[in-house]
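Comments concern the structure below.
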Amino acid sequence: MSIIRSRLAGVGAYLPERIVTNDDLAKIVDTSDDWIVERSGIRQRHIAADGELTSDLATAAAREAMEDAGVTAADIDLIVIGTTTPDDTFPATAVKVQANLGVHQGFAFDVQAVCSGFLYALATADKFIRSGDVKTALVIGAETFSRILDWTDRDTCVLFGDGAGAVVLKAAESEGKNTDVGILSTHLHADGRHRDLLYVDGGPSSTQTVGHVRMEGKEVFRHAVTKLAGVVDEALSANGLSSADLDWMVPHQANRRILAMTAKKVGMSEANVVVTLDKHANTSAASIPLALHTAVRDGRIKPGHLVLIEAMGGGFAWGSALVRM
Ligand code: ACO
């Protein structure tokens with residue numbers, strides 16, 4: 001049966017110039033390089049310059065993805081950005097990026113699913129493409145997460161960084177088989193009962209401030225490992241595939257131990273898991289497209305490879321997507 005699928009036609013990324021190492025952080029909070037590396041796997045993170053906005057990071061990543069895909073501003077029908085750190089409360093950062101890119105048609109909006117933001121954005125754009133409403137979409141994960149960190153709280157400030165990643169999706173006629181190129185399926189979940197384990201203590205309606213990230217790390221860790229293994233299995237069984245069919249897992253980059261435990265639970269070798277958190281830390285919605293970009297550019301992910309994407313974060317919101325490149 002012939003169906004429309006979304007093909008990944010291009011990837012892009014942008015990281016702010018300034019790198020902050022664990023040793024740099026040890027000068028401002030009671031922590032050490034040894035503790036951060038051992039507990040999380042993180043060695044450094046990029047931090048946006050004063051005046052450098054989420055829309056700037058997103059625009060740079062989008063430009064590279066568009067060039068990679070060989071598309072121009074006139075081709076883009078839809079822009080979806082996953083972000084928790086928009087430039088302003090409104091309008092959407094996606095609209096600002098639309099103007100920056102010179103895109104004057106179609107529609108643009110943000111989705112808010114914290115660390116699962118890129119996955120939610122990808123799933124949303126995929127539905128518009130599959131319905132036939134959209135031919136070419138830009139999907140971006142972009143964050144200046146450093147702006148919502150409490151830089152006196154060592155439990156959280158050592159874990160995050162800033163960055164952006166983008167993909168161009170193009171509609172393509174496909175056979176409707178699990179051997180097709182493109183997004184095979186997406187699987188989204190949320191459970192608001194766990195809000196107090198990971199949240200920001202402010203917002204326009206509640207405090208009229210932006211607020212800071214608060215997290216019960218141990219509890220989040222426990223939920224992450226079971227929920228992530230569950231959505232990997234869900235994506236594989238929905239397509240009649242097994243973990244042996246996967247070439248790569250591109251997970252949200254929260255913690256090296258979560259990545260290792262999830263890989264083990266689903267029966268994948270750690271060698272096939274793309275890890276960038278040592279260099280980028282947790283960039284929330286940007287972490288998956290940044291990792292995807294890294295592995296495509298360094299030649300590990302090749303055309304035809306089967307890639308499993310998964311994420312879990314604040315909400316809780318979590319999910320997965322299966323993509324043949
Ligand atoms: N440096 C030194 N010591 C620290 C630091 C630090 N930066 N942070 C905490 N500690 C201390 C704690 O105070 C505690 O001390 P105590 O034993 O005297 O009480 C000790 O280290 C151990 O703390 P734990 O919280 O038990 O450490 P854990 O091994 O659980 O690691 C971590 C903490 C890294 C946060 C881990 O739990 C984790 O990664 N959790 C999941 C994070 C995640 O996945 N988040 C989801 C995505 S984020 C999003 O959606 C926005």
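The structure displayed is predicted, hence computed values, not measured ones. As the structure lists them, so they are numbered: ligands from 1, and atoms in each ligand from 1.
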Quiz item: Given C115, A311, G313, which one has a non-hydrogen atom that is nearest to atom 51 (C) of ligand 1?
Solution: C115
Quiz prompt | Carboxylate-amine/guanidinium contact R130 D126, below 4.0 Å | solution = yes
Quiz item: With the threshold set at 4.0 Å, does a side-chain nitrogen-carboxylate oxygen contact exist between D196 and R214?
Solution: no
Quiz item: Is at least one protein non-hydrogen atom found at under 4.0 angstrom from atom 39 (O) of ligand 1?
Solution: yes
Quiz item: Got an N/O contact under 3.5 Å between S284 and ligand 1?
Solution: no
Self-check item: ligand 1 N/O within reach of G314 N/O, cut-off under 3.5 Å
Solution: yes
Quiz item: Should G217 be counted as touching ligand 1, given the test is an N or O pair under 3.5 Å?
Solution: yes
Exercise. Assess the side chains of T84 and Q112: does a donor N or O sit below 3.5 Å from an acceptor N or O?
Key: yes
Quiz item: Atoms of ligand 1 less than 4.0 Å from L198 heavy atoms?
Solution: 46 (C), 48 (S), 49 (C), 50 (O)
Quiz item: Is any side-chain N of the basic residue among E216 and R222 closer than 4.0 Å to the acidic one's carboxylate O?
Solution: no
Exercise. Kindly give the heavy-atom pair with the smallest separation between V168 and A65, and that separation in Å.
Key: CG2-O, 3.6 Å
Practice problem: Decide whether E173 and S2 meet the rule of one side-chain donor and one side-chain acceptor closer than 3.5 Å. | Solution: yes
Self-check item: Contact atoms of ligand 1, heavy-atom distance to V220 under 4.0 Å
Solution: 43 (C), 44 (O), 45 (N), 46 (C)
Quiz item: Any side-chain donor paired with an acceptor under 3.5 Å for S32 and D34?
Solution: no
Quiz prompt | ligand 1-proximal atoms of F145, by part, heavy-atom distance under 4.0 Å | solution = side chain
Quiz item: For N282, is at least one N or O under 3.5 Å away from an N or O on ligand 1?
Solution: no
Quiz item: Would you call K135 and D77 a salt bridge, taking side-chain N to carboxylate O under 4.0 Å as the test?
Solution: no
Practice problem: Determine, using heavy atoms of V29 and all atoms of ligand 1, whether some pair is separated by less than 4.0 Å. | Solution: no
Quiz item: Relative to the heavy atoms of N255, which atoms of ligand 1 are at a distance of less than 4.0 Å?
Solution: 34 (C), 36 (C), 38 (C), 39 (O)
Practice problem: Measure the distances from the heavy atoms of I36 to every atom of ligand 1 and state whether one is below 4.0 angstrom. | Solution: no
Practice problem: Please check if the side chain of S174 supplies one atom and the backbone of G176 the other of a donor-acceptor pair under 3.5 Å. | Solution: no
Practice problem: Quick one: look up the protein heavy atom nearest atom 31 (O) of ligand 1 and list residue, atom name and how far away it is. | Solution: R257 NH2, 3.5 Å
Self-check item: Flag side-chain contact, heavy atom, 4.5 Å: H293 against V296
Solution: no
Quiz item: Taking both backbone and side-chain atoms of W35, is any N or O found less than 3.5 Å from an N or O belonging to ligand 1?
Solution: yes
Quiz item: Between N272 and R300, does any side-chain donor sit less than 3.5 Å from a side-chain acceptor?
Solution: no
Practice problem: Among all protein heavy atoms, pick out the one at the shortest distance from atom 11 (C) of ligand 1; state its residue, atom name and that distance to 0.1 Å. | Solution: R154 NH2, 3.6 Å
Quiz item: Between V213 and ligand 1, which part of the residue brings a heavy atom under 4.0 Å of the ligand: side chain, backbone, both or neither?
Solution: neither
Exercise. State whether any protein heavy atom lies less than 4.0 Å from atom 19 (O) of ligand 1.
Key: no
Quiz item: For atom 35 (C) of ligand 1, what is the nearest protein heavy atom, given as residue, atom name and distance?
Solution: L159 CD1, 3.7 Å
Quiz item: Is the closest heavy-atom distance from T84 to ligand 1 below 4.0 Å?
Solution: no
Quiz item: Just heavy atoms, cut-off under 4.0 Å: does T31 contact ligand 1 by side chain, backbone, both, or neither?
Solution: both
Practice problem: Check whether any heavy atom of A224 sits under 4.0 Å from an atom of ligand 1. | Solution: no
Practice problem: Flag the pair R5 and D180 as a salt bridge only when some basic side-chain nitrogen lies within less than 4.0 angstrom of an acidic carboxylate oxygen. | Solution: yes
Quiz prompt | Short N-O contact, K227 and D191, less than 4.0 angstrom | solution = no
Exercise. Considering only protein heavy atoms, determine whether one is less than 4.0 Å from atom 25 (O) of ligand 1.
Key: no
